[in-house]
Structure formats: C-alpha cells, structure tokens
4 protein chains.
Amino acid sequence: MISEDKGANISRRESILSAAREVFNYKGFHGATTSEISQKAGVAEGTIFRYFKTKKELLLAVFEPLETAWAAEFIRGAAEQEDEDTLRFYLKKQLFLVKENFELFKIFFYESQFHPELREKLTNKVVQKTLAPVESYLEEQVKEGKYREIDIPTAARALFGMLAVFIAWEEVLQAEDYIKFDEVEVVERIIDIFLHGVKK
Amino acid sequence: MISEDKGANISRRESILSAAREVFNYKGFHGATTSEISQKAGVAEGTIFRYFKTKKELLLAVFEPLETAWAAEFIRGAAEQEDEDTLRFYLKKQLFLVKENFELFKIFFYESQFHPELREKLTNKVVQKTLAPVESYLEEQVKEGKYREIDIPTAARALFGMLAVFIAWEEVLQAEDYIKFDEVEVVERIIDIFLHGVKK
Amino acid sequence: MISEDKGANISRRESILSAAREVFNYKGFHGATTSEISQKAGVAEGTIFRYFKTKKELLLAVFEPLETAWAAEFIRGAAEQEDEDTLRFYLKKQLFLVKENFELFKIFFYESQFHPELREKLTNKVVQKTLAPVESYLEEQVKEGKYREIDIPTAARALFGMLAVFIAWEEVLQAEDYIKFDEVEVVERIIDIFLHGVKK
Amino acid sequence: MISEDKGANISRRESILSAAREVFNYKGFHGATTSEISQKAGVAEGTIFRYFKTKKELLLAVFEPLETAWAAEFIRGAAEQEDEDTLRFYLKKQLFLVKENFELFKIFFYESQFHPELREKLTNKVVQKTLAPVESYLEEQVKEGKYREIDIPTAARALFGMLAVFIAWEEVLQAEDYIKFDEVEVVERIIDIFLHGVKK
DNA sequence: AATGAATGAGAATTCATTCAT
DNA sequence: TATGAATGAATTCTCATTCAT
C-alpha cells in the first residue's frame with residue numbers, strides 16, 4: 001500500500017486526536033475549528049464526527065493520554081518515597097511528564113473553567129494523584145522527626161508551585177530570551193531550597 | 001438627563017471596559033460576544049466599535065489598569081527591601097494585588113499565548129517588575145552573607161511559584177471543597193519555608 | 001425612497017414570514033432551507049435569526065394569522081346559528097377561510113405529527129372552534145324536534161369531512177384535471193345531502 | 001446459518017422496505033435517515049443503496065403494497081354493489097384498509113405534493129379505484145329511482161370525506177383524549193345520515 | 001453481494017463589524 | 001456621537017451516497 005500521508009499507519013482516531021491536540025494548543029478550544037483539525041489530520045471534516053459526536057467530546061478525548069500517564073504514574077509513585085533520592089527522582093519524573101504534555105496541560109487548565117467535568121478530572125485524576133506521594137513522604141519525615149513541624153498540604157503544594165513556575169516561564173511566557181534556565185540545575189536548586197527549608 | 005445606570009458618571013469607555021473584563025472573565029475571549037458586553041455596559045453594540053476598532057483591541061485595552069497598578073507598585077516597591085518584615089509585607093501586597101485582579105490575570109496569561117503583544121506586556125510590565133524587588137533583596141542578603149549562595153533568579157521565581165500555586169488552587173481548580181487554605185496563614189508558612197530554605 | 005424589492009413597505013418580519021410560508025408550502029418544513037427563505041424574502045440569511053430564534057420558531061410564527069383569523073371568526077360564529085341560512089352562510093365562510101389559508105393548513109396538519117405544541121393549537125384553536133357553532137346548531141334543532149336523534153359530534157365532524165374532501169381534492173391531489181367541481185354548487189349539494197340526511 | 005433477526009426468512013429488500021415504512025411514518029420522509037432505516041432493517045447502510053438507487057426511490061417503492069392491496073380490492077369491489085348491505089360492507093372494508101395502512105397513506109398524501117409521480121399514483125391507483133364502486137352503486141340507485149337526483153361524483157366524494165375525517169381525527173390529531181369515537185358505531189351513523197340524505 | 005468507513009456538500013445558527021439614521 | 005438593524009462569512013454538525021474490501 002502506498003500512502004504518504006501521516007495517517008498511513010496510525011489509526012484515523014489517533015490522527016484526529018493528534019491534530020486536535022496540536023490545533024487546540026495554538027488556537028485554544030474556541031479558536032480551533034473542526035475544519036482546520038480535519039485538514040491537519042488529513043481526513044474529511046465529517047470524519048471527525050464519526051469518531052467524536054461533538055467538538056467538546058473531542059476535547060475531552062484529547063486528555064485521555066494524560067489520565068493514562070497519571071494513572072500509571074500513580075501506581076509506581078505509590079511505592080513509598082523513602083529518602084530524598086527517591087523524592088528527587090519522583091519530582092523530576094513528574095516535572096518531565098508535565099513538560100512533555102504541557103500543551104495538553106495548558107488547555108486542560110484553561111478549559112477547566114468552563115467545563116466542570118474537566119475540572120473534576122483535573123483535580124481528582126491529576127492534581128491529587130501528583131500531590132499524594134509527596135504528602136505521604138513529608139508526613140513520614142515529620143513523624144520521624146527529621147523535618148520540622150510544617151503544614152503538609154501547604155508544603156506539598158508549595159513545592160510543586162516552585163517547580164511549576166519554571167514550566168510556565170518557558171512555556172507560557174516563552175521567556176527564555178530573557179533568562180534561560182537549565183532544567184536539571186533548576187530542579188536541583190529548588191529541591192535544595194525546599195528541603196533546606198523543611199528540615200530541622 | 002439623570003441617568004441611573006452605571007454608565008452615569010463613568011465614561012462610556014469605562015463602562016465598556018468594565019463589562020468586557022467581566023464577560024472575558026467568565027466566558028474567555030473567544031466565548032465572549034460583543035453583544036453581551038454591550039448589554040452589560042448599557043450601550044448599543046455599535047458603540048463598542050466607536051471606542052475600540054476591533055474586539056481584539058478591546059482585549060488589549062482591558063489590561064491597562066493592570067499595567068497601571070504594577071507601574072505604581074513598582075515605584076513604591078523599588079524602595080529597597082531591607083529586612084524580612086518588608087519582604088513579607090511586599091509579598092502579601094503583591095499576592096493581594098494578584099488575587100484582586102485575578103480575573104484579568106487569567107485572561108492575560110491565557111491570551112498571551114495567542115497574542116505576542118500581550119505576552120510582551122505580561123513579561124515586561126508585570127512579571128519582571130514583580131520579581132525585581134525580590135531579586136534585589138535576595139542579592140543583598142546573599143552579598144551580606146546572611147543567605148546561602150543560592151541562584152537568585154531561580155529562588156525569586158520559586159518563591160512566587162509557591163505563592164501562585166495557592167491562587168491557582170482556589171481560582172482555577174475552585175478546589176476549596178477539598179482543602180480550604182487560610183490565606184494569611186499560608187503566606188506565613190510559605191515565607192517561613194522559603195526563608196528557612198535560603199538562610200544559612 | 002427608491003426601493004423596488006418587495007420588502008419596501010412591509011416590515012422585514014412580514015417579508016420573512018411570507019417567504020417562509022411560500023417555501024414551507026412547496027418544500028415542507030424539513031425540505032425548506034433558511035437560505036432559500038432568506039433569498040425569497042430579500043434579506044440576508046442571518047437576518048431571519050434576528051426575528052426568529054430558530055427555524056422552528058419561524059414555523060410556529062407562520063401560523064399566527066390562522067389563529068387570528070379563527071379567533072375572530074369564533075367570536076362572530078358564536079352568534080347562534082338560528083336557521084339553515086345562517087348555517088349555510090357559516091359553512092361557506094369557513095370553507096373559504098380554509099381554502100384561502102390552505103397552504104398553511106396543510107403544513108399545520110402535517111407538522112402537527114412531529115410537534116405536539118402545534119397539534120394542541122390545531123385542535124384547540126382551530127378544529128374545536130370550527131366545530132362548536134355547528135354542534136350547537138345541531139343540538140338546538142334536535143332539541144326542537146326538527147332533526148332526527150343523531151349523534152351530534154359525529155354529525156358535525158361528518159359535515160366538515162364532506163366539505164374538506166373537496167378542498168383536498170383540489171389542493172392536495174390537484175385533481176382538477178380529472179373532475180373539476182364548482183365550489184359554490186358543491187357546497188350547496190353537500191349541505192343539501194347533509195340536511196336531508198339529518199332532518200326528520 | 002440460523003439467523004434470529006427479522007431478516008431471516010424475508011428478503012433483504014422486504015426488511016428494508018418494512019423498516020423504511022416504519023421510519024418514514026414517524027419521522028416523515030425528510031426526517032428519516034438512511035442510517036436509522038438500515039439499523040431497523042438489520043442491514044448495512046450501503047446495502048440500502050444496492051436495492052434502491054436513492055432514498056427517493058425507496059420512498060416510491062414503499063407504496064407498492066398499497067397499490068397491490070387496492071388493485072386486489074378493486075377487482076373484488078368491482079362486483080356490483082347491489083344493495084345497502086353490500087355498500088355498508090364495502091365501506092367498512094375500505095375504511096379498515098385505510099386505517100390499517102394509515103401510516104403509508106399519510107406519507108403518500110403528504111409527499112404527493114412534492115413528487116408528481118406519487119400524486120399520479122395516488123389519484124389513479126388508489127383514490128379513483130376507491131370511488132368507482134360507490135359511484136356506480138349510486139348511479140344505479142338513482143337510475144332506478146330509489147335515490148334522489150343527486151350529483152354522483154359529489155355525493156361519492158362527500159361520503160368518503162365523512163368517513164375520512166374520523167380517521168384524521170384519531171390518527172392526525174390524536175384527539176381521542178377529547179372525544180373518543182367508537183369506530184363501528186360511527187360508520188353506521190355516517191352511512192345512516194348519508195343514505196337518509198340521498199334517499200327519496 | 002454486502003459492508004460500513006469515509007466523504008463533502010449543505011444545513012442551521014452565530015457574531016464581529018458596518019452604516020444609514 | 002450613538003444607535004441597532006442588517007449583514008454574510010464562518011462554524012459545527014448531518015446525512016445521502018460512494019467505494020475499497
């Protein structure tokens with residue numbers, strides 16, 4: 001079979017999802033048109049609606065890989081963080097996961113305002129799952145007397161905020177022209193400040 | 001003429017801007033219609049276009065007060081932060097300023113992706129100005145040997161990330177149902193962790 | 001003002017309604033397109049939707065004159081039918097009213113299947129109102145012993161059925177080519193058969 | 001293969017026609033989709049187009065059984081009506097035939113407006129054939145001096161109109177909630193009025 | 001012969017923008 | 001200057017029909 005378009009060996013559903021992700025990313029949900037998505041996917045416009053009843057359903061489907069990634073991650077993440085090294089490893093992995101899926105994240109966040117079902121998914125399937133391992137780690141350390149008597153939920157969220165801001169810096173502000181941060185170094189530095197801040 | 005609508009003593013331009021802010025906020029830029037804005041502003045739809053050539057121009061104009069607020073803040077903020085107390089005070093004020101204008105911020109952030117002129121404003125007139133006083137404070141402290149040899153830009157951004165994440169928690173995720181944080185306490189705790197983390 | 005199109009001195013709403021009636025008539029509701037209606041009305045397609053929120057609302061509005069005509073007729077018709085002459089006069093007027101509005105009737109009938117609100121209007125505002133005067137006339141005559149002991153509702157409906165069939169003959173079957181009936185004569189003959197059939 | 005669906009022992013063509021009848025009936029021609037018809041028929045959508053070139057051709061084919069029924073009826077009906085009893089019997093049978101096929105009739109009538117070939121069929125193969133026996137009966141009776149000198153075509157049509165209106169009452173208006181007529185009684189009463197009206 | 005995925009023309013509806021008043 | 005009716009391009013979505021398998 002000779003087929004030069006990108007739909008050759010991936011399924012049409014995937015082509016559409018991939019095109020939708022791309023277009024949603026640089027136009028937003030409302031700004032994206034099904035016409036543009038269909039062109040990018042190399043299918044007829046009507047074909048989109050064979051796979052997704054409405055444009056909104058397409059939006060929801062677009063996040064599936066995120067949920068999947070997080071669900072998988074959660075299982076592995078659940079394996080208790082025992083020491084600083086595992087924590088560092090976990091944080092880096094999470095950061096990488098977010099960066100890798102940043103386009104999706106951005107839309108996910110933004111559209112959450114307008115679609116309660118999205119908001120719920122974001123909160124329960126992504127945010128809470130991301131926080132949980134860190135919170136249980138911190139709790140352990142505090143209990144063992146290694147860390148100060150900090151407020152766990154606050155601390156966990158703060159830690160992620162410190163990391164998130166760098167992704168926003170790069171991805172939203174596209175501000176690398178002003179200051180370019182080396183990712184690995186930044187993570188080390190942030191963890192350093194944080195751990196120094198919570199340790200006794 | 002005695003007019004009882006809100007446009008009575010504020011100019012039409014202001015009515016329109018205020019209505020636009022409100023509608024952009026809960027519908028997003030694309031979701032907002034000039035018709036709804038005009039109704040909220042109490043003017044005819046056509047009138048909007050006497051003050052703003054296009055809907056996009058209206059979007060850009062909507063952020064003016066943010067810039068103004070930040071410009072004013074910058075002047076005052078420039079007065080060096082000399083000690084922890086001034087830092088705490090500054091951070092709280094900034095946080096309050098962001099929360100107060102959160103609606104605008106959200107649109108500002110989101111639309112920045114699609115409109116480079118917005119992105120530039122956001123980076124230069126808001127973000128950089130907010131970071132500067134903290135960076136200069138940290139630099140001072142490091143120089144004086146009170147703080148560890150941290151990377152200043154990283155630390156400053158991390159600090160704001162820690163705070164920002166709580167606003168996002170409330171405003172984007174609307175996740176107060178899960179955990180409700182007391183704002184004043186949270187700020188104290190975060191600053192505590194941060195300072196503990198950077199101090200020698 | 002120089003304006004040669006038909007929308008010159010009738011309101012746009014009327015132009016649209018009139019065009020809609022015409023197109024609904026020869027294409028049916030589903031077969032009619034708002035595009036064709038707008039062209040016939042001499043307005044832009046979008047203009048239709050300034051006057052009628054949806055195509056269906058346009059359908060409902062199209063029947064207003066029917067209801068109005070019937071409401072007016074009802075008031076006059078309510079004046080008791082005292083003798084055969086008034087009955088004849090009433091029936092001819094009704095028949096004329098139906099013929100004059102036949103296009104509307106046809107759509108009204110047909111679409112009643114799919115839109116319960118239409119069905120209810122048809123039954124209550126048109127059919128029942130048309131039957132009432134005839135029923136009360138028949139009742140009177142039976143009571144006075146002039147007519148046989150017939151079933152009033154059956155007889156009234158039967159009478160209208162006799163007349164209606166000729167309208168259907170002409171308007172639906174367009175069967176004048178086969179047999180052409182003289183309207184006035186037909187009505188006389190039918191009334192003759194009917195009265196002869198119910199009299200003692 | 002033992003197939004349990006309804007298409008098992010009736011031909012595919014019949015399954016499709018039967019499904020089409022059903023769907024045309026409650027959705028109308030335009031409202032019906034070939035997709036729904038194919039599902040109801042238990043065949044693939046494409047299969048419909050192997051049996052019927054277009055949806056319209058399917059519409060035309062749907063009426064075949066009506067024509068067949070009427071053709072059969074005609075042959076039997078042609079056997080002269082000799083007395084009132086045979087007339088009564090014939091009318092009841094016809095009425096039953098119409099009621100039984102009312103769904104088809106309704107579409108037949110309605111779509112006749114838009115498709116001349118349908119209209120012609122309706123007039124020639126159904127309506128004329130139905131009228132003929134009654135007309136010849138009436139003619140006979142008038143000739144024999146038993147009935148008054150009425151206009152035969154008018155009278156025949158009027159008789160059917162009287163009956164038809166009751167079917168419309170039930171089936172189109174679905175107005176049984178208002179008044180419910182007993183079918184057998186109604187037919188008796190109508191024939192009674194009619195015959196009384198035409199007899200000397 | 002039968003399938004059903006894919007098509008794309010065409011449908012109703014929305015909305016930023018214009019312009020006569 | 002302000003209006004708001006009118007516009008029509010653009011949008012999402014539907015569906016009869018085709019065609020490779």
Side-chain angles (χ1 to χ4, degrees), chain A residues 1 7 11-13 15-16 30-39 41-58, chain B residues 7 12-13 16 29-39 41-59, chain C residues 1 7 11-13 15-16 29-39 41-58, chain D residues 7 11-13 16 29-39 41-59:
Chain A
M1 186 190 81
S11 83
R12 271 186 153 80
R13 190 172 190 279
S15 307
I16 293 166
H30 265 108
T33 68
T34 51
S35 161
E36 186 174 358
I37 293 169
S38 71
Q39 274 169 262
V43 302
E45 201 170 353
T47 304
I48 290 180
F49 295 92
R50 283 188 63 77
Y51 289 92
F52 307 95
K53 260 210 294 288
T54 61
K55 191 186 166 192
K56 185 170 171 182
E57 200 172 274
L58 176 57
Chain B
R12 273 190 152 77
R13 190 173 190 277
I16 294 166
F29 176 66
H30 265 105
T33 67
T34 50
S35 159
E36 188 175 356
I37 293 169
S38 70
Q39 274 170 261
V43 302
E45 204 171 349
T47 306
I48 289 179
F49 294 90
R50 302 209 130 261
Y51 290 93
F52 307 96
K53 257 211 296 286
T54 63
K55 192 185 166 193
K56 183 171 169 183
E57 200 170 276
L58 176 57
L59 174 71
Chain C
M1 186 190 80
S11 81
R12 270 186 153 81
R13 191 173 189 276
S15 307
I16 293 166
F29 176 66
H30 264 107
T33 67
T34 52
S35 159
E36 186 174 358
I37 293 169
S38 71
Q39 273 169 264
V43 302
E45 202 170 352
T47 305
I48 291 179
F49 295 92
R50 283 188 63 77
Y51 290 93
F52 308 95
K53 260 209 293 285
T54 62
K55 191 186 166 192
K56 184 168 171 184
E57 200 172 275
L58 177 57
Chain D
S11 79
R12 274 190 152 76
R13 189 172 191 280
I16 293 167
F29 176 66
H30 265 105
T33 66
T34 50
S35 159
E36 188 176 356
I37 293 169
S38 70
Q39 273 170 260
V43 303
E45 204 171 351
T47 306
I48 290 179
F49 294 90
R50 300 209 131 262
Y51 290 93
F52 308 94
K53 256 212 295 287
T54 62
K55 192 185 167 193
K56 183 172 169 180
E57 201 170 274
L58 177 57
L59 174 71

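Numbered from 1 within each chain, the chains take letters A, B, ... in sequence-line order.
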Task: DNA chain E contacts among residues 45-52 of chain A, heavy-atom distance under 4.0 Å - done: A:Gly46, A:Thr47, A:Arg50, A:Tyr51
TODO: Could you go through the side-chain contact (heavy atoms from CB on, under 4.5 Å) check for A:Arg13 and A:Ile16 one step at a time?
DONE: CA-CA 5 Å; A:Arg13 190 172 190 279; A:Ile16 293 166; 5.9 Å; no
TODO: Nearest 0.5 Å please: distance from the OG1 atom of B:Thr34 over to the CD atom of B:Gln39.
DONE: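 Atom-to-atom, B:Thr34:OG1 and B:Gln39:CD are 10.0 Å apart.
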- [ ] Nearest 0.5 Å please: distance from the OG atom of A:Ser15 over to the OH atom of A:Tyr51.
- [x]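 Output value for this atom pair is 8.5 Å.
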TODO: Take D:Lys55 and A:His30, find for each the nucleotide of DNA chain F with the closest heavy atom, and name the residue whose nucleotide sits nearer the 5' end.
DONE: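 With D:Lys55 and A:His30 compared, the 5'-side residue is A:His30.
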Partners passing side chain to side chain donor-acceptor pair (under 3.5 Å) against [X] (at least two apart in sequence or in another chain):
X	value
D:Lys56	D:His115, D:Glu117
D:Ser38	none
A:Glu57	none

If you look at every heavy atom in [X] and [Y], which pair is closest and at what distance?
X	Y	result
D:Thr54	D:Phe49	CA-CE2, 4.2 Å
D:Lys55	D:His30	NZ-O, 3.8 Å
B:Leu59	B:Phe29	CB-CE1, 3.6 Å

TODO: State the dot-bracket string of DNA chain E. Criteria: Watson-Crick or G-U wobble, both atom distances under 3.5 angstrom; notation: ( ) intrastrand, [ ] crossing earlier pairs, | interstrand, . unpaired.
DONE: .||||||||||||||||||||
Open item on the list: Regarding C:Thr34, tell me which of base, sugar-phosphate or nothing describes its non-hydrogen contacts under 4.0 Å with the strands shown.
Closed with: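 If one applies the 4.0 Å heavy-atom cut-off, C:Thr34 turns out to touch a base.
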Task: Which residue lies more 5' along DNA chain E, comparing B:Ser35 with A:Ala44 via nearest heavy atoms - done: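 So the residue in question is A:Ala44.
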Open item on the list: Quick check on DNA chain E: between A:Val43 and C:Thr54, whose nearest nucleotide comes earlier from the 5' end?
Closed with: A:Val43
TODO: Start with the C-alpha distance between B:Ile37 and B:Val43, add both sets of side-chain angles, then the distance that settles side-chain contact (heavy atoms from CB on, under 4.5 Å), and finish with yes or no.
DONE: CA-CA 9 Å; B:Ile37 293 169; B:Val43 302; over 6 Å; no
Task: Nucleotides bounding contact with chain B, strand DNA chain F, heavy-atom threshold 4.0 Å - done: F:dT1 to F:dG4
Open item on the list: Taking only side-chain N and O atoms of D:Arg12, does any of them lie within less than 4.0 angstrom of OP1 or OP2 on E:dA1?
Closed with: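 Negative; the distance criterion is not met.
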